[in-house]
Colleague: 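Quick one: structure below, then a few questions.
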Amino acid sequence: MKPKIYLSPPHLTGEEQKYIKQAFDSNWIAPLGANVDGFEQDICNFTKAKHCAVLSSGTAAIHLALQILEVKKNDTVLCPTFTFAATINPIIYQQATPIFIDSEMDTLNMCPVLLEKAIQSEIKKGKKPKVIVLVHIYGMPAKLNEIISISKKYSIPIIEDAADTLGSTYNDKFVGTFGEIGIYSFNGNKIITTSGGGALVSNKKEHTKKATFLATQARDKAPHYQHSQIGYNYRMSNILAGIGRGQIEVIKDRIAARRKNHKFYTEKLSEFNFIKEPKNVFSNRWLSIMLTDSFKTREKIRLSLEKENIESRPLWKPMHLQPIFKKYNSFLNSNAEKLFKNGLCLPSGSNLNNKDLQRITNCIKKVIQTN
Ligand SMILES: Cc1ncc(COP(=O)(O)O)c(C=O)c1O
């Protein structure tokens with residue numbers, strides 16, 4: 001059996017060890033310390049966000065963002081149906097109600113036309129939605145101009161779920177820094193990793209201050225332990241922040257490598273549809289995704305890759321089709337369902353070499369030649 005090719009594995013440099021060693025040498029093995037402060041500063045320097053709080057996961061960051069914007073029981077939250085469940089779960093933690101919005105086909109993100117329709121429909125029912133959770137899926141920025149103007153028109157703030165999309169830009173500005181609050185993930189499969197971790201960024205200091213407060217059990221200022229509200233244990237450890245410090249040093253190389261993978265696929269697999277970068281957009285190409293003509297072809301390719309010890313994965317199963325979420329209201333155009341049926345995420349790690357890429361594309365070519 002040939003060696004396994006994973007979808008999106010971690011890609012370490014070795015330099016992470018330097019920061020981890022410093023944490024050990026100084027005995028700062030806690031969820032605070034020089035690496036935590038340093039990594040927050042690194043993220044601000046890279047994204048140009050004014051403030052940052054590093055946390056235990058991207059999911060925790062979304063949860064705190066919702067709390068900071070005071071999303072409460074029975075509030076409604078607009079979110080895409082074409083995303084990972086981690087975008088939606090924190091809305092449920094808050095006992096709020098998600099409203100699912102389908103995708104447009106230029107970027108596969110939230111469709112601005114359906115978004116406005118949903119807002120108008122909710123207002124008609126007498127309830128303005130509290131927040132828009134906007135996802136930039138697979139590294140591709142959403143239609144920010146249109147969505148920001150809707151957000152302004154109806155005064156509904158945006159939380160940007162840029163879990164997959166650190167380093168992507170829209171009009172030369174980093175995604176995650178457009179909304180009231182943005183979040184990133186450093187899970188093991190992301191463009192850079194801390195093994196598990198996340199960040200909340202904002203241009204308002206009060207938001208990241210509140211995030212840090214809530215993430216450390218909401219301790220009041222007192223010499224003893226005193227609490228006036230419910231808190232969480234969501235801070236990032238100084239060890240993991242050390243991994244992040246090493247990783248962020250090479251983020252530009254990691255993005256370049258993933259963009260190279262994507263280019264290779266588009267050139268070798270020109271019979272398939274790949275999502276193009278709109279002209280005001282730079283995508284980190286976190287995952288390369290390919291759209292086939294049918295579910296049957298998609299499955300044939302996926303199973304052939306699996307036989308060759310190559311990991312691939314169908315695109316997200318839409319949230320409105322998930323057993324746990326299907327009871328919620330949704331505004332649909334069938335795009336997310338089509339994407340789920342026909343689309344495939346191809347191996348996209350920044351550590352793939354040309355031989356790996358050749359092996360993957362040869363396998364796919366063989367399937368279509370025998371089709
Ligand atoms: C779109 C999206 N949102 C949120 C998350 C959650 O991030 P984490 O795994 O760090 O909790 C992820 C990834 O895992 C994601 O892909």
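Both ligands and their constituent atoms are indexed starting at 1 by order of listing. Numbers here simply count residues along the sequence, with the first being 1. Excluded from the calculations below are hydrogen atoms, water molecules and symmetry mates; all remaining heavy atoms, backbone and side chain alike, are included.
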Colleague: State the atoms of ligand 1, each with its element, that fall below the 4.0 Å cut-off from a heavy-atom position in Ala86.
Modeller: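 Listed by number with element: 4 (C), 5 (C), 6 (C).
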
Colleague: Does any N or O atom in Gly58 lie less than 3.5 angstrom from one in ligand 1, N or O only?
Modeller: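 For ligand 1, there is an N or O atom that lies under 3.5 Å from one belonging to Gly58.
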
Colleague: Could you tell me whether the side chain of Asn109 and the main chain of Lys143 form a donor-acceptor pair under 3.5 Å?
Modeller: no

Colleague: Looking only at protein heavy atoms, which one is nearest to atom 1 (C) of ligand 1, and how far off is it?
Modeller: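 The closest one turns out to be Asp161 OD2, 3.6 Å.
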
Colleague: Against Thr13, only a single residue in Glu16, Gln17, Glu15 fulfils side-chain hydrogen bond (donor to acceptor under 3.5 Å, both in side chains); can you say which?
Modeller: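 Passing option: Glu16.
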
Colleague: Give me the one residue out of Lys73, Lys72, Gln67 that meets side-chain hydrogen bond (donor to acceptor under 3.5 Å, both in side chains) with Gln94.
Modeller: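 For Gln94, the side-chain hydrogen bond (donor to acceptor under 3.5 Å, both in side chains) check succeeds only for Gln67.
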
Colleague: I want to know if ligand 1 touches Lys190 in the polar sense, i.e. an N/O pair below 3.5 angstrom.
Modeller: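 Among all N and O atoms of Lys190, at least one is under 3.5 Å from an N or O of ligand 1.
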
Colleague: Please find out if less than 6.0 Å separates the ring center of Tyr19 from that of Phe39.
Modeller: no

Colleague: Name the orientation class of the two ring planes belonging to Tyr138 and Trp316 (parallel below 30°, tilted from 30 to 60°, perpendicular beyond 60°).
Modeller: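 Ring orientation, 0 to 90° scale: parallel.
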
Colleague: Would the Tyr93 and His63 ring centres measure less than 6.0 Å apart?
Modeller: yes

Colleague: Give a yes/no verdict on a cation-pi contact between Lys173 and Phe178, requiring under 6.0 Å between NZ or CZ and the six-membered ring centre and an angle within 45° of the axis.
Modeller: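 Lys173 over Phe178 ring: yes.
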
Colleague: What atoms of ligand 1 come within less than 4.0 Å of a heavy atom belonging to Ala163?
Modeller: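 Checking each atom against Ala163, I get 2 (C), 3 (N), 4 (C), 5 (C), 12 (C), 15 (C).
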
Colleague: Using heavy atoms and a threshold below 4.0 Å, how should the contact between Asp164 and ligand 1 be classified: side chain, backbone, both, or neither?
Modeller: side chain

Colleague: Which protein heavy atom lies closest to atom 11 (O) of ligand 1, and at what distance to 0.1 Å?
Modeller: Thr59 OG1, 2.5 Å

Colleague: For the pair Tyr265 and Phe274, name the ring-plane relationship: parallel under 30°, tilted 30 to 60°, perpendicular over 60°.
Modeller: parallel

Colleague: For atom 9 (O) of ligand 1, what's the nearest protein heavy atom and its distance?
Modeller: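 The closest heavy atom on the protein side is Asn187 ND2, 3.2 Å.
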
Colleague: Taking the basic N atoms (NZ, or NE/NH1/NH2) and the acidic carboxylate oxygens, is any pair closer than 4.0 Å for Arg302 and Glu299?
Modeller: yes

Colleague: If you measure every N/O of Ser185 against every N/O of ligand 1, is any gap under 3.5 Å?
Modeller: yes

Colleague: With heavy-atom distances below 4.0 Å as the criterion, list the atoms of ligand 1 near Thr87.
Modeller: 1 (C), 3 (N)

Colleague: Of all the atoms in ligand 1, which lie at a distance below 4.0 Å from a heavy atom belonging to Ser57?
Modeller: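 Numbered from 1, ligand 1 contributes 10 (O), 11 (O).
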
Colleague: Looking only at heavy atoms, is any part of Thr83 under 4.0 Å from ligand 1, and if so is it the side chain, the backbone, or both, or is it neither?
Modeller: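 Looking at Thr83 and ligand 1, just side chain atoms fall under 4.0 Å.
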
Colleague: When you measure from the heavy atoms of Gly197 to every atom of ligand 1, does any distance fall below 4.0 Å?
Modeller: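 Contact check Gly197 vs ligand 1: positive.
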
